[in-house]
Amino acid sequence: MIESVLDIRNLSVSYATPRGTVQALRRINLKVPRAKVVGLVGESGCGKSTLISAVIRLMAENALVAAGEIRFLGQDMQYLSPPELRGIRGRDMSMVFQDPMTALNPVFTIGRQMVDIQYRDGVSKKAKAKRAADMLSLVGIPDAVSRLDNYPHHFSGGMCQRITIAMALLVQPKLLIADEPTTALDATLEVQIIRLLKELQADFQCAILFISHHLNVIAELCDFVGVMYAGELVEKGSVRDIFQRPAHPYTRALLECDPSVIEERTRFLPTIPGEIPSLIDLPEGCIFHDRCPKAEQVCTKTRPPEVSITEHHTALCHCLEV
Amino acid sequence: MNWTKQFFYRLYREPMGFFGMILVALVIVSALLAPFLTTHDHNALDIANRLAGPSADHWMGTDQLGRDVFSRVVMGSRIAVWVALVTVAMSLGIGLVLGMMAGYGPKWLDAALLLLFDTLRSFPTIMFALALVTVFGPSLQTVIIVIVATTFPVYGRMVRTQTQALCNNEFIVAEEAMGAGMMRVLGIHILPNIIGPLFIVASMDIPVVITIEAGLSFLGVGVRPPTPSWGSILNDGYAYIRNTPWIIIFGGLPLIVTTLGFTFLGESLRDIFDPKLRKDL
Amino acid sequence: MLFYLLKRIGLAVVIVVVAVILLYSMIHIVPGDPASVILGPRATPEMKQELHELMGLDRPFVVQVASFLGKVARGNLGMDFFSQRPVAQIVFKQLDETLVLVLASIGWAILLGIPLGCYSAVFRNTFSDKLVGIFSIGVIAVPSFVVALYSLLFFAVTLKWLPAIGAGEPGQYMDQLRHLILPAFAIGLGWVGYIARLVRASMLEVLNENHIRRARAFGLPEHMIVFQYALKLAILPTVTLLGTGIGRLISSALVSTVLFVLSTTISDSINAMLDPRVRERL
């Protein structure tokens with residue numbers, strides 16, 4: 001096995017709400033190998049964002065890690081004190097957020113914000129500003145030195161996302177978490193940002209945990225892919241495994257519904273029939289059984305085991321066709 | 001029944017609101033039962049016994065004319081509660097009518113009423129009171145006029161804004177298109193929609209109104225002397241602050257109890273009924 | 001911005017004019033007579049008549065209003081009837097005392113209110129947050145003249161730490177400062193609660209914003225996040241409200257004096273007005 005930066009074992013997270021306990025994540029096992037890109041894909045509400053908040057330990061106040069462990073560089077994040085966590089965030093682990101326009105503080109210049117995140121380094125402010133400017137040029141912001149004095153509203157959405165990527169890489173993290181960094185951008189910008197991330201990842205040799213619901217983005221960027229459904233990681237494997245030899249019925253359905261792979265001209269885009277089950281009253285058995293075309297008796301009774309198909313390719317299913 | 005039960009349960013769960021309710025109940029009971037609670041005639045003079053300290057006979061001592069401070073404080077709650085109820089009700093009524101006229105009526109009327117509201121709001125209460133006292137002489141009526149004149153513009157503005165917002169709603173437009181008259185639109189559709197928040201704001205104005213009345217009476221431009229307003233008790237005590245502090249202490253206490261009680265209760269009511277409503281600043 | 005300012009000033013002028021007209025018409029419509037209030041019950045009709053002429057009350061209503069407004073526009077606010085000094089002089093003498101008092105009161109209220117609000121927001125829903133909340137509501141609710149009287153009783157009468165009355169010897173700043181403490185305390189206390197509540201509310205809003213989460217994800221120290229990244233944004237609505245609040249306090253003090261002298265009321269009520277301890281509601 002390749003050495004892992006992040007190793008999530010048997011993780012379950014729940015939210016306490018007035019209507020009951022929402023079991024947002026259940027028994028997640030996921031590894032992010034050093035200098036590799038791991039993509040997580042799934043519909044809205046499948047728990048992708050909960051997973052990354054749990055990883056960076058910035059969870060909602062009503063969230064609770066019910067079981068499992070999150071090992072980052074060998075340490076379990078749950079047992080770290082707030083100062084120890086601060087020592088990890090923004091040094092070994094950094095993050096790019098979904099909405100670039102709100103991810104920067106509107107009343108500080110981007111230079112100030114980029115200098116501030118280097119507060120741990122004992123170099124002069126001038127040196128920090130220089131590093132910030134260099135990083136900005138690297139992510140393709142022209143005239144970087146003078147733009148340090150600009151405020152976030154002086155930049156477009158695509159530019160803001162370049163800036164947040166620059167900030168995330170400025171600290172030279174071992175793991176970069178990207179939470180749907182291109183969802184708020186239009187399609188051409190999306191491609192540019194993904195290419196940029198790919199290039200920079202190769203240069204900086206950092207691992208990336210990349211969240212998206214765009215399959216083609218995942219396919220382009222990632223080495224490994226995890227497919228999430230209703231709080232469970234139903235299938236994971238190399239990008240080839242998932243896109244060419246999908247095993248889990250949900251993964252197959254997801255791939256069939258992706259508009260970019262549909263070849264025939266059709267009036268109706270395909271969908272998966274049925275709805276995501278309630279995460280408060282979980283159904284027995286397989287989480288996908290009521291929408292699954294291949295569901296059998298056993299699927300409604302017992303939770304499927306994690307079945308290994310090849311060394312890194314596993315799926316949660318009773319009736320795998322390999 | 002179920003609804004009231006739930007209401008009291010929620011109030012009970014908010015310790016602050018519960019505490020406020022107890023204080024308010026205390027004040028209201030004292031106002032209602034004042035004649036039975038007093039130990040002396042609140043206006044009876046006893047010059048021989050003037051400025052006496054608290055004793056078994058005079059629980060809060062006596063003032064410069066030998067009147068029993070406790071009895072005056074108890075009777076003072078009547079004045080305070082009476083002024084609060086009358087002025088808040090009047091301000092609410094006037095503000096409601098003028099505000100709906102401004103919000104629903106023609107543009108020139110709106111502009112004129114807005115100017116009136118803003119002018120009256122810019123009058124400092126004290127100055128307004130002094131000016132009126134010049135003309136009418138100090139009396140309870142003057143106090144009520146002053147408070148109503150400076151309070152109703154706040155309601156008026158609020159009602160106007162809400163009415164205007166509602167008038168743009170589709171159901172009002174539809175109603176008008178079907179030929180509903182002004183009274184029908186205002187009475188059936190607009191009034192019920194704005195009255196709730198207005199009542200909450202009004203309930204939170206009660207302590208403010210009591211403060212103004214006491215303040216005016218303290219300055220000597222409020223109720224006329226023998227009438228025992230808390231403010232005039234403080235005014236009496238102020239002259240003797242050095243040697244007989246109890247008049248000030250006991251005169252200020254009911255004001256603190258009342259304003260805290262009504263404010264705590266009002267805050268909790270607002271949280272229970274309408275967390276989004278913020279007092280118009 | 002300039003247009004906005006001009007508009008505000010224009011509106012203020014209109015409001016002053018309407019206020020003057022209202023006051024004059026009040027004097028005219030209602031049955032009382034300012035002259036008899038000033039002169040007291042033993043005044044003869046001749047004396048009243050003389051005073052009327054002196055004050056210009058015998059002229060037609062419109063003429064009175066117009067001539068007063070004309071004088072105001074030329075910077076002449078008339079003479080105060082009792083002290084025989086120009087009103088403008090009284091207004092401005094009082095204004096700088098008022099200004100110092102207002103600024104001192106709000107100043108200490110800001111210094112205490114902002115940290116309290118931040119503290120409450122950071123430790124939201126804890127016991128101490130609730131305590132701060134109850135304290136804030138309490139000090140807003142209690143009338144400031146009661147606070148003034150109690151603190152006078154305690155600090156000036158019982159402990160004899162601070163002077164009870166007056167504004168201090170002119171030129172002796174320490175003395176003036178000592179005289180400032182009690183009134184500034186009484187006026188400012190309610191503002192402490194007001195500011196703390198405002199700051200808490202906007203701070204809570206800002207702390208939930210995306211960029212604060214981003215700052216946390218970069219491991220910025222909590223004091224930097226709260227006191228720099230969040231406070232600078234959270235303070236904006238508070239500053240706006242304080243600005244209008246201070247403006248209202250000062251302008252109403254100014255308008256008060258003008259209207260007050262105009263409506264020729266009793267002189268020692270002026271003193272009561274000037275005396276910060278009793279000026280509970282500007």
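To find a chain, count down the sequence lines: A is the first, B the second, and so on, and within it residues start at 1. Both backbone and side-chain heavy atoms feed into the values below; hydrogens, waters and symmetry mates do not.
- For E61(A), the part lying near chain C is the side chain, with the backbone staying farther off; criterion is any non-hydrogen pair under 4.5 Å.
- Rounding to the nearest 0.5 angstrom, the gap separating the CG atom in N210(C) from the CG atom in L104(A) is 9.5 Å.
- To the nearest 0.5 Å, atom CG of residue D116(A) and atom CD of residue Q228(C) are 6.5 Å apart.
- For the atom pair CD of Q113(A) and CG of L220(C), the computed distance is 9.0 Å after rounding to the nearest 0.5 Å.
- Annotation for A217(C) and R89(A): closest pair O-CB, 3.3 Å, computed over non-hydrogen atoms.
- Between R214(C) and I117(A), the shortest heavy-atom distance links the atoms NH1-CG2, 4.2 Å.
- Only the backbone of M93(A) comes within contact range of chain C, with at least one heavy atom under 4.5 Å from a heavy atom of that chain.
- Scanning both residues, Y229(C) and F108(A), for their nearest heavy atoms gives CA-CE1, 3.5 Å.
- Summarising the local packing, NZ of K232(C) is surrounded by more than 12 heavy atoms from other residues, nucleotides or ligands at distances under 6.0 Å.
- With a 4.5 angstrom heavy-atom cutoff, R57(A) does not touch chain C via any of its atoms.
- To the nearest 0.5 angstrom, F218(C) atom CZ is 7.5 Å from T164(A) atom OG1.
- Although no hydrogens or angles enter the test, the distance criterion places a donor-acceptor pair under 3.5 Å between the side chain of R213(C) and the main chain of L58(A).
- With hydrogens and angles ignored, the 3.5 Å screen pairs no side-chain donor or acceptor of R86(A) with any backbone N or O of P221(C).
- Here the NE2-OG1 distance, from H211(C) to T102(A), works out to 8.0 Å after rounding to the nearest 0.5 Å.
- The 12-atom threshold is exceeded at OH of Y119(A), counting heavy atoms of other residues, nucleotides or ligands nearer than 6.0 Å.
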